[in-house]
Colleague: 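Sending over a structure as structure tokens; questions will come in a sec.
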Amino acid sequence: METTMADMELEDKMVNDEFQSLIDAYLASKHRKKVDIITKAFNFAKHAHKGVRRLSGEPYIMHPIAVAKIVCCEIGLGSTSICSALLHDVVEDTDYTVEDIENMFGPKIAQIVDGLTKISGGIFGDHASAQAENFKKLLLTMSDDIRVILIKIADRLHNMRTLGSQAVNKQYKIAGETLYIYAPLANRLGLNSIKTELEDLSFRFEHPDEYQEIEHKLEATKAERDTVFDEFAAPIRAQLDGLGLNYDIKQRVKSPYSIWRKMQTKHIPFEEIYDILAVRIIFDPEDVDTELNDCFDIYVKLCKIYTSHPDRTRDWVSHPKANGYQALHVTLMSKQGEWIEVQIRSRRMDDIAEKGFAAHWKYKDGDKTETASEMELDKWLATIKEILDDPQPDAMDFLDTIKLNLFASEIFVFTPKGEIRTMPAGSTTLDFAFSIHTFVGSHCIGAKVNHKLEPISYVLNSGDQVEILTSKSVHPTREWLNIATTAKATTKILSILRKEERESRKKGEQMLDEFLAQNDVVKDSLVVDKICNLHDYAKPEALYVALAEGKVQLGRAELDAIKEKEEVVGWKRIFSFGKKTVKQGPIGKVKISSNFDKRKAIILTEDSIQNQYTLCDCCKPIPGDTVMGYIDDDKHVIVHKLQCSIAEKLKANHGNRVLAAQWQMAGTTLFPVSMHIKGFDKLGLLHEMTQVISVLHGINIRKVEIECDKGIFECNIQMYVHSTKEVDEVLTSLRKIADLKEASRV
């Protein structure tokens, strides 16, 4: 008993010490010192969570304190947000209500806590992810108070920092949601440091081996980078000292996740990534009014020492990004022959770049005028509200639409009158039309871009002047969804198309009803299913639209299909689901015996991938790939590579259906893989490659496609292998061939 009491006292001290460090950090900030209400919130939360522990074993109250510290120290918010962070799980996890919070802490904190409280069920139905519904509610509340989403991001960051205590399938779910939604959202709100950490943590849990390998290589090349930086920075320091500014010059190293993504997209090894090192100059201007001039003064000094890249100078100082980011970027050629990017920022710009919109308030000092970036935030929130006002039919569509709007890169486009508008990079004239007004977008026929006629699919460039042309005879079509790239345009097009489809469905159903009535056929689901099967439509809705559009004509064939008798052989009907066959009994219910819903992990063997699980055709996983299982609507398990784009969506939208998966193969089954090879053309190159693959490694080549142009050789090879180990061995051997410069698995 004495030991237990001693442990409790030690634990209590740990909690109080952690809270005191929060208070110390808050007192060191510029915010008003409302320590009493923060202490009140801490004591209330501590009492509410008493006796509850996290999976890691620590008292639950440590989590709200940690979230509050992130909110205070890493985002820079004040007492209202700190209190809300301390209380954010009270309503969800205890018997206290939002009304109790309002009575004790006032309406503002109660509103934020309510926005942070998770909900069950929702508009997306039983098969959708609760995460999508939670996210929708967060966004709705965020429209009224941006602090809701900032605290939620802090909550997610701490959950990611402590994700190791969760089961593997939970890790995949949470990491998937984080990469798909929360990291882009943090980026959109200017929380650069948090965005980078969320990406790295997700990467670490989803691909631990690759993460460790990149970390090891970064550590191994650190001394070399330090030398390059010191030699590059020395002449810069000499020039900057002459300006009389107080400054810091430091190196910025590309994050492991960013390195890995580049390796994946470019199909190159770590050693061929040349922008791992960047340099950041942070200075204190003499006063706020000289900030911009100081940036360009530094730029001029740099260009006196090094040659700048003509196409890689970015002026985010004069035209800040939509998330408030300001800096002047210039890429310089070092004396060692390497291009190095230099980012020039004032201290204020650096603070905003790392902490986002919250940092704006720190520098306003009572000035209530709205900055350009705050106006951009208002515009963005208005777009989010429009999306929420027109909910998507399912969770996947909703989160995809939101994600479209979390753009990282912007272009600046001018109206005919010279008004500047910020658009996502890659926007088309159609996107620009919808950004002006829904009516303009829905009747857009093209545009005059820089006084030249362009189609609705024309991709805009920064600096373009755009005049939208409209015609009342033009209306949105399904093809427009392939042209639109922004969330607003996509949402509006879908809304218009759904409205038209609803009208078509209604008209088509009425046509079917009249046809059946004329032929004395009683309409029921079986009758409609038979007509659907006759015309290969999976759902009645699709049949109704086809009828309305004249694609299907009702006549004798439909009546014959309705009158066909079903064969009864013990069971009523037989359906085929993928590789499995299940029988339908007399009561009309499909029997699928499965315990998948209760399982957290699956083992992939030769037998199981033949009879139980399906290897997805979109990413073609093979033994050695990091994979996951996904339970589809028919209770079948589909196996995806973890970094597959479809898997990324599934983790974020339907994380509760994700299973951890492990390979236990005997090495007897062969799997098809494709490799892309590129190099300088020479006589005998193909022979050398086939010798490596077939003779050296004994691998059977399935298909070869070759193209040579202007001395460049490109080749796609399909072959059969047992595992990724064989793929890596073949790639290593191929890269040793002279004149062969690139070799990667596709």
Colleague: Suppose we screen for side-chain contact (heavy atoms from CB on, under 4.5 Å). Which residues come up paired with Cys708, at least two apart in sequence or across chains?
Modeller: Asp681, Ile706, Phe713

Colleague: Under the ring-ring contact (aromatic ring centres under 6.0 Å, His included) test, which residues partner His535, sequence neighbours left out?
Modeller: none

Colleague: For Gln264, is the CD atom crowded, meaning more than 12 foreign heavy atoms sit under 6.0 Å from it?
Modeller: yes

Colleague: Under the salt bridge (charged side-chain N to carboxylate O under 4.0 Å, His left out) rule, collect the residues that match up with Glu503, sequence neighbours excluded.
Modeller: none

Colleague: Quick one: closest heavy-atom pair of Ile456 and Cys444, and the distance?
Modeller: CG2-SG, 3.6 Å

Colleague: Quick check: do Phe203 and Ser258 have side-chain heavy atoms less than 4.5 Å from each other?
Modeller: no

Colleague: Roughly how far apart are Gln343 CD and Arg314 CZ, rounded to 0.5 Å?
Modeller: 12.5 Å

Colleague: Write down the atom of Pro184, the atom of Leu179, and the distance for their closest heavy-atom approach.
Modeller: CD-O, 3.3 Å

Colleague: Do Lys651 and Lys173 have side-chain heavy atoms sitting under 4.5 Å apart?
Modeller: no

Colleague: Could you pull out the closest heavy-atom pair between Pro540 and Val528, with the gap in Å?
Modeller: CB-CG1, 3.8 Å

Colleague: Nearest 0.5 Å please: distance from the CG atom of Leu453 over to the OH atom of Tyr458.
Modeller: 12.0 Å

Colleague: List for me each residue that meets salt bridge (charged side-chain N to carboxylate O under 4.0 Å, His left out) alongside Asp617, sequence neighbours excluded, and say none if there are none.
Modeller: Lys620

Colleague: Measuring from atom CD1 of Ile531 to atom CG of Leu554, what distance do you get when rounded to the nearest 0.5 angstrom?
Modeller: 6.5 Å

Colleague: Heavy atoms only: give me the nearest Lys530-Ala561 pair and the separation to one decimal.
Modeller: CD-O, 3.4 Å

Colleague: Salt bridge check, Lys641 against Glu648: does any charged N sit closer than 4.0 Å to a carboxylate O?
Modeller: no

Colleague: Does the side chain of Thr178 pick up a donor-acceptor pair with the side chain of Arg156 at under 3.5 Å?
Modeller: yes

Colleague: If we ignore hydrogens and angles and just use 3.5 Å, is the side chain of His443 paired with the main-chain N or O of Val474 as donor and acceptor?
Modeller: yes

Colleague: Salt bridge check: are Arg657 and Asp632 linked by an N-O gap of less than 4.0 Å?
Modeller: no

Colleague: Take Glu341 and Arg312, measure what side chain to side chain contact (heavy atoms under 4.5 Å, CB included) needs, and give me the verdict at the end.
Modeller: CA-CA 9 Å; Glu341 184 184 74; Arg312 288 169 67 179; 5.6 Å; no

Colleague: According to salt bridge (charged side-chain N to carboxylate O under 4.0 Å, His left out), does anything in residues 532-555 pair up with another residue at least two apart or in another chain? List the pairs.
Modeller: Glu549-Lys551

Colleague: With distance as the sole test, does Ser744 use its side chain to make a donor-acceptor pair with the main-chain N or O of Met675 at under 3.5 Å?
Modeller: no

Colleague: Taking NZ in Lys507 as the centre, count heavy atoms belonging to other residues, nucleotides or ligands within less than 6.0 Å. Is the count above 12?
Modeller: no

Colleague: Just so I know, are the side chains of Glu558 and Leu534 near enough to count as touching, which here means a heavy-atom distance under 4.5 Å?
Modeller: yes

Colleague: Could you tell me whether a side-chain N or O of His309 sits under 3.5 Å from a main-chain N or O of Asp311, the two making a donor and an acceptor?
Modeller: yes

Colleague: Check the side chains of Glu467 and Gln465 for a donor-acceptor pair under 3.5 angstrom, ignoring hydrogens and angles.
Modeller: no

Colleague: Determine, step by step, whether Tyr630 and Val637 satisfy the side chain to side chain contact (heavy atoms under 4.5 Å, CB included) criterion, reporting the C-alpha distance in whole Å, the side-chain angles of both residues, the deciding distance to 0.1 Å, and the verdict.
Modeller: CA-CA 5 Å; Tyr630 172 73; Val637 174; over 6 Å; no

Colleague: Would you name the heavy atoms of Ser504 and Ala548 that are closest together and state the gap between them?
Modeller: O-CB, 3.3 Å

Colleague: Taking the side chain as everything from C-beta on, heavy atoms only, tell me whether Val148 gets closer than 4.5 Å to Leu116.
Modeller: yes

Colleague: Do Ser427 and Thr486 have side-chain heavy atoms sitting under 4.5 Å apart?
Modeller: yes

Colleague: Under the side chain to side chain contact (heavy atoms under 4.5 Å, CB included) criterion, do Val527 and Val522 qualify, and how do the steps go?
Modeller: CA-CA 8 Å; Val527 166; Val522 177; over 6 Å; no

Colleague: Side chain to side chain contact (heavy atoms under 4.5 Å, CB included) for Phe434 and Val440? Distances and angles first, verdict last.
Modeller: CA-CA 6 Å; Phe434 274 101; Val440 175; over 6 Å; no

Colleague: Between Arg421 and Ser435, what is the shortest heavy-atom contact and its length?
Modeller: NH1-O, 3.5 Å

Colleague: Stepwise, does the salt bridge (Lys or Arg N to Asp or Glu O under 4.0 Å) test hold for Asp431 with Lys488?
Modeller: CA-CA 8 Å; Asp431 294 312; Lys488 182 171 184 177; over 6 Å; no

Colleague: Before you tell me yes or no, could you show the steps for Glu500 and Arg505 under salt bridge (Lys or Arg N to Asp or Glu O under 4.0 Å), namely the whole-Å CA-CA distance, both residues' side-chain angles and the distance that decides it to 0.1 Å?
Modeller: CA-CA 9 Å; Glu500 291 176 353; Arg505 285 199 299 269; over 6 Å; no

Colleague: Once you round to the nearest 0.5 Å, how far does CD1 of Ile153 lie from CG of Leu191?
Modeller: 5.5 Å

Colleague: Sub-3.5 Å donor-acceptor pair from the side chain of Ser318 to the main-chain atoms of Asp315, do we have one?
Modeller: no

Colleague: Ser495 side chain to Thr491 main-chain N or O, any donor-acceptor pair under 3.5 Å?
Modeller: no

Colleague: Flag the pair Thr428 / Trp480 as yes when at least one side-chain heavy-atom distance between them is below 4.5 Å, and no otherwise.
Modeller: no

Colleague: Taking the side chain as C-beta and beyond, is there a heavy-atom pair between Glu705 and Lys703 under 4.5 Å?
Modeller: yes

Colleague: Rounded to the nearest 0.5 Å, how far does CG of Leu185 lie from CG of Leu150?
Modeller: 8.5 Å

Colleague: Determine whether Val639 and Thr614 make a side-chain contact, defined as any pair of heavy atoms from C-beta on separated by less than 4.5 Å.
Modeller: no

Colleague: Hey, what do you get for NE2 (His437) to NZ (Lys492), rounding to the nearest 0.5 Å?
Modeller: 9.0 Å

Colleague: What side chain to side chain donor-acceptor pair (under 3.5 Å) pairs are there with at least one residue in residues 444-455, not counting sequence neighbours?
Modeller: Asn450-Asp464

Colleague: Please tell me whether Glu714 and His676 have a donor and an acceptor in their side chains that are separated by less than 3.5 angstrom.
Modeller: yes

